[in-house]
Novice: 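The structure is given below, and queries will be raised subsequently.
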Number of protein chains: 2
Amino acid sequence: MPRLLIVEDDDRIRLSLRLALEDEGYTVRDVPTAEEGLAEHRAAPADLVLVDLMLPGMDGFECIRAMRRLGDVPIVVVSARDDTHDVVAALEAGADDYVVKPVAVKELSARLRALRRRASGSGEGAPAVRRFGEIELRPEAGEVLLGDEHVHLTRTEFRLLCELADQSGRVLSRQQLLNRVWGYDVYGDERLVDVHVGRLRRKVERDPANPVHVVTVRGLGYKLAT
Amino acid sequence: MPRLLIVEDDDRIRLSLRLALEDEGYTVRDVPTAEEGLAEHRAAPADLVLVDLMLPGMDGFECIRAMRRLGDVPIVVVSARDDTHDVVAALEAGADDYVVKPVAVKELSARLRALRRRASGSGEGAPAVRRFGEIELRPEAGEVLLGDEHVHLTRTEFRLLCELADQSGRVLSRQQLLNRVWGYDVYGDERLVDVHVGRLRRKVERDPANPVHVVTVRGLGYKLAT
DNA sequence: CCGTGCCGTGACGGTCTCGTGACGGTGGAC
DNA sequence: GTCCACCGTCACGAGACCGTCACGGCACGG
């Protein structure tokens, strides 16, 4: 579900990283150069970026700095050089972590999870399960419980609920939800949000006509009651 | 002066870490056991925690989980074991980073800086809640409390209250309020403000006939009493 | 005491937002 | 190819909300 961007010039490593991390549930794009990586990221920001340091053309440090100027996306350096000087330079440039090739996929994946947890706003420890009244949300497992019964949500409904949960208690406007759930370049009809909120309510509210979890704030948007 | 807590049982390593990181500008406390670390953290939360994994008594994993339950303080593991399994377990337990001894102080310091940057960025910036007498205003949540009971405001009433709150104690003329709340550049009817002030008072004043929060300043406008 | 502004409030019609049902398109599973 | 879950668009009704108006009360200066 989270969108991952890999910037790595070695085809074999790029492919193996891609396959390994797709297995971990990421939606992966991969490019061989910093320039392409920046273009991709500008077009559709990723939730995580993996970047090599030694790249043809613009190098990894420059790439990191450029991405930092665009936003605060978590950046992990994957480098062949196990050198303190490089580590410090990369972190100073704005990277969040630095792992040395050859990477253990399990470790990389754990580091990505830790980073995402930390980067995603209020980042509470490692609950992996969040409660909002009767709703129990398990993002890792991709499942939701109402009371103790399973409810099946579609992908869009699930992402919608997750976004609301990440900012629970705070109002999110329709435009914000469009950006976060559907993507950044959508200028679609904001009523689309209403429809999916309605569908979501039918599944996670005891009385969908009088929602207690997914609450409308008239004129502003929606929020998830804490 | 960020406060750093070191939990490490080896006296020599603990001392050298302490000295090195004090040089980097941290205010350091150090303890040799997880139990003491937790007690210290409970007594006065640190901004960063360094923890060893192999500790006498309660081990590092337990220590991390316990601290996670207390809050979202950034935690870095400093361990002698360079083992993927340990790294994954520590990160899953809630750690943010994992470095292997012997540590390069420059790298550790850079990692701490990167982590602090990340943790403070997404952490709680402003309290986002303002009090005026009995009124509690939460712009993020789009909600207002009078005492401890929720009051429902319409969008216009909410904006009106926010504008008054932004300039609390100072008088705002009807024209200023029209400009800020309604965005008019036209000279609309100033009586419109009166009507909404009246409606607002009915909701946020115990005795709307004798308002103590939203106060009229005859001939000038309105202000929000501090 | 009186008049003149200034302010508070109730009522009302128009407008806008939101919730929902219906429908056609699509992409993946088999 | 066929089916089915899911998605996005649309239209419509209900209710919330807004802005206007008119009326009455209250604070001032004379």
Side-chain angles (χ1 to χ4, degrees), chain A residues 1 22 27 142 144 150-161 163-164 171-183 185-223, chain B residues 142-144 150-161 163-164 171-184 186-223:
Chain A
M1 214 103 66
E22 279 178 341
T27 305
V144 175
H150 245 85
V151 292
H152 172 70
L153 298 188
T154 71
R155 193 163 45 110
T156 305
E157 289 155 6
F158 188 73
R159 283 164 76 162
L160 180 60
L161 183 57
E163 289 301 334
L164 288 168
V171 180
L172 289 171
S173 71
R174 288 176 173 71
Q175 192 56 53
Q176 286 176 313
L177 288 170
L178 271 181
N179 288 341
R180 298 178 188 209
V181 177
W182 280 267
D185 40 4
V186 180
Y187 290 106
D189 190 356
E190 297 192 345
R191 311 298 309 285
L192 175 58
V193 179
D194 300 25
V195 175
H196 283 276
V197 166
R199 287 168 180 164
L200 178 58
R201 278 176 178 155
R202 259 171 264 167
K203 297 181 179 178
V204 301
E205 296 283 356
R206 297 289 183 192
D207 178 9
N210 299 89
V212 296
H213 299 115
V214 183
V215 183
T216 303
V217 181
R218 194 166 252 266
L220 294 178
Y222 298 95
K223 71 176 178 182
Chain B
E143 64 186 8
V144 174
H150 264 79
V151 292
H152 174 70
L153 298 188
T154 72
R155 189 167 43 134
T156 305
E157 289 155 7
F158 189 72
R159 284 191 193 163
L160 180 60
L161 183 56
E163 288 302 333
L164 287 168
V171 180
L172 288 171
S173 72
R174 289 175 175 71
Q175 192 55 52
Q176 285 176 313
L177 288 169
L178 272 180
N179 288 339
R180 298 179 188 214
V181 177
W182 283 267
Y184 283 1
V186 193
Y187 297 103
D189 188 0
E190 296 193 346
R191 309 299 309 286
L192 175 57
V193 179
D194 300 25
V195 175
H196 283 278
V197 166
R199 287 168 180 164
L200 178 58
R201 278 176 178 155
R202 258 171 268 168
K203 296 180 179 178
V204 301
E205 297 284 357
R206 297 288 183 192
D207 178 9
N210 299 89
V212 296
H213 298 115
V214 183
V215 184
T216 303
V217 181
R218 198 181 173 81
L220 294 178
Y222 300 94
K223 71 173 181 181

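All chains are named by letter (A, B, ...) in the order of the sequence lines, taking the proteins before the strands, and each is independently numbered beginning at 1. All of these numbers come straight from a predicted model, not from anything done at the bench. The figures here come from the full heavy-atom set of this structure, side chains too, leaving out hydrogens, waters and symmetry mates.
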Novice: Counting only side-chain N and O atoms of A:T156, is one of them less than 4.0 Å from OP1 or OP2 of D:dC7?
Specialist: yes

Novice: Would you please name every residue forming a salt bridge (charged side-chain N to carboxylate O under 4.0 Å, His left out) with A:E157, sequence neighbours left out?
Specialist: A:K203

Novice: Can a side chain N or O of A:H196 be found less than 4.0 Å away from OP1 or OP2 on D:dT9?
Specialist: no

Novice: Quick one: bend of the helix from C:dC1-D:dG30 to C:dC30-D:dG1 from 5 pairs per end, to 10°?
Specialist: 30°

Novice: Does a nitrogen or oxygen in the side chain of B:W182 sit under 4.0 Å from OP1 or OP2 of D:dC18?
Specialist: no

Novice: Please enumerate all residues that pass side chain to side chain contact (heavy atoms under 4.5 Å, CB included) together with B:V171, with sequence neighbours excluded.
Specialist: B:V217, B:L220, B:K223

Novice: Using the salt bridge (charged side-chain N to carboxylate O under 4.0 Å, His left out) criterion, which residues pair with B:R155? Sequence neighbours excluded.
Specialist: none

Novice: Tell me, please, which residues at least two apart from B:D207 pass side chain to side chain contact (heavy atoms under 4.5 Å, CB included).
Specialist: B:A209, B:N210

Novice: Only counting residues at least two apart or in another chain, list the ones meeting side chain to side chain donor-acceptor pair (under 3.5 Å) with A:H152.
Specialist: none

Novice: Among all residues two or more places apart in sequence or in another chain, which pass the salt bridge (charged side-chain N to carboxylate O under 4.0 Å, His left out) test with B:R206?
Specialist: B:E134, B:E149

Novice: Indicate for each nucleotide in nucleotides 11-30 of chain C, in 5' to 3' sequence, whether protein heavy atoms under 4.0 Å reach the base (B), only the sugar-phosphate (S), or nothing (-).
Specialist: B-----BBBB-B--------

Novice: Can you list everything that forms a side chain to side chain contact (heavy atoms under 4.5 Å, CB included) with A:V193? Sequence neighbours excluded, please.
Specialist: A:R174, A:L177, A:L178, A:W182, A:V197, A:Y222

